[in-house]
Amino acid sequence: MLEEILNSIVEMDEEAVEKARKYLDEGGEPQKLLEACRDAMGEIGARFEKGEYFLSELILGGEIFRQIMDFTLPKLKSGAAKKIGKMVLGTVKEDVHNIGKDIFKVFAEASGFEVVDLGVDTPEEKFVEAVKEHKPDIVGMSCLITAGVTSMKKTVDKLKEAGLRDSVKIIIGGGRVDETVKEFTGADAWSDDAAKGVRLCKQLIGLEG
Ligand code: B12
């Protein structure tokens, strides 16, 4: 069933959303559905890179994913734990991809983080202002495109300039981050997986991940 959903998304089949709904209605696991959707987006991205798919397919794929997430994410929200920390989260400047950030947000909230969501294409100054205002334990930055890497570094630099760098832990996430990007930007941790990202956040604030 999951394989069928994955293929339907990749082939831009309108039935994909209903198949996903049916999967959950029949007791399927939201987490597994999410992973299948993510794999589908990876395949759509790969086809885009090879020139087999165009921007219209990226848009349509994103829209199908969004529709599926509309009824999948609330199922992951249940069982929210007691508050364990505060996080300021945003997709970085130049980058408008929001799906992964929104998923990570739900995972973080379900684990007890209070999340202040700054949205997408977030200017460095907006992160700085939000840290001043909300005094979070963690700053999370989501980044899926290469242009966003510089934005993340600039954001970390601006936090340093404002004397706020040592008051927060910084985690970066999304398809464009890895250990090298972490080192380059000066972040404390990175993850391209929401569940792992939340475990790292807990560790960053001294809790067991
Ligand atoms: C859908 C999509 C779009 C949609 C976005 C819709 C939306 N509302 O988000 C639209 C059509 C808008 C789009 C636009 C573009 N896109 Co696009 N897009 C994609 C695609 C296919 C899927 C993205 C996605 O949602 N993935 C699924 C989510 C769940 O994965 P994720 O974001 O990685 O999130 C997971 C983890 O990383 C983690 N996570 C996410 N954020 C965070 C944050 C923290 C702190 C932590 C800890 C964890 C975490 O949790 C999530 C769940 O596990 C990707 C391909 C891909 N492989 O990702 C290309 C892709 C990202 N896009 C790409 C490109 C090139 C573009 C455009 C430049 C295309 C163009 N010519 O205009 C524009 C850029 C616009 C901009 N300025 O940002 C490239 C980027 C290449 C690069 N290195 O720069 C990709 C990789 C496709 C490719 N292979 O070429 N895109």
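Values below: all heavy atoms of this structure, side chains included; hydrogens, waters and symmetry mates excluded. For ligands, and for the atoms within them, numbers begin at 1 and follow the listed sequence. Everything quoted here is computed from the prediction, not taken from an experiment.
Closer than 4.0 angstrom to ligand 1 sit non-hydrogen atoms from Arg38, Met41, Gly42, Gly45, Phe48, Glu49, Leu55, Leu58, Ile59, Gly62, Phe65, Glu94, Asp95, Val96, His97, Asn98, Ile99, Gly100, Lys101, Ile103, Phe104, Gly140, Met141, Ser142, Leu144, Ile145, Thr146, Ile171, Gly173, Gly174, Gly175, Arg176, Ser191, Asp192, Asp193, Ala194, Gly197.
Heavy atoms from other residues, nucleotides or ligands lying under 6.0 Å from NZ of Lys86 number more than 12.
Glu183 meets the salt bridge (Lys or Arg N to Asp or Glu O under 4.0 Å) test with no other residue; sequence neighbours excluded. Shown here are the salt bridge (Lys or Arg N to Asp or Glu O under 4.0 Å) partners of Asp193, two or more places apart in sequence or in another chain: there are none. Every residue was checked against the salt bridge (Lys or Arg N to Asp or Glu O under 4.0 Å) condition with Lys196, not counting sequence neighbours, and none meets it.
Side-chain N or O atoms of Asn7 include one that pairs as donor or acceptor with a backbone N or O of Glu3 at under 3.5 Å. Distance alone, capped at 3.5 Å, places no donor-acceptor pair between the Glu109 side chain and the Val106 backbone.
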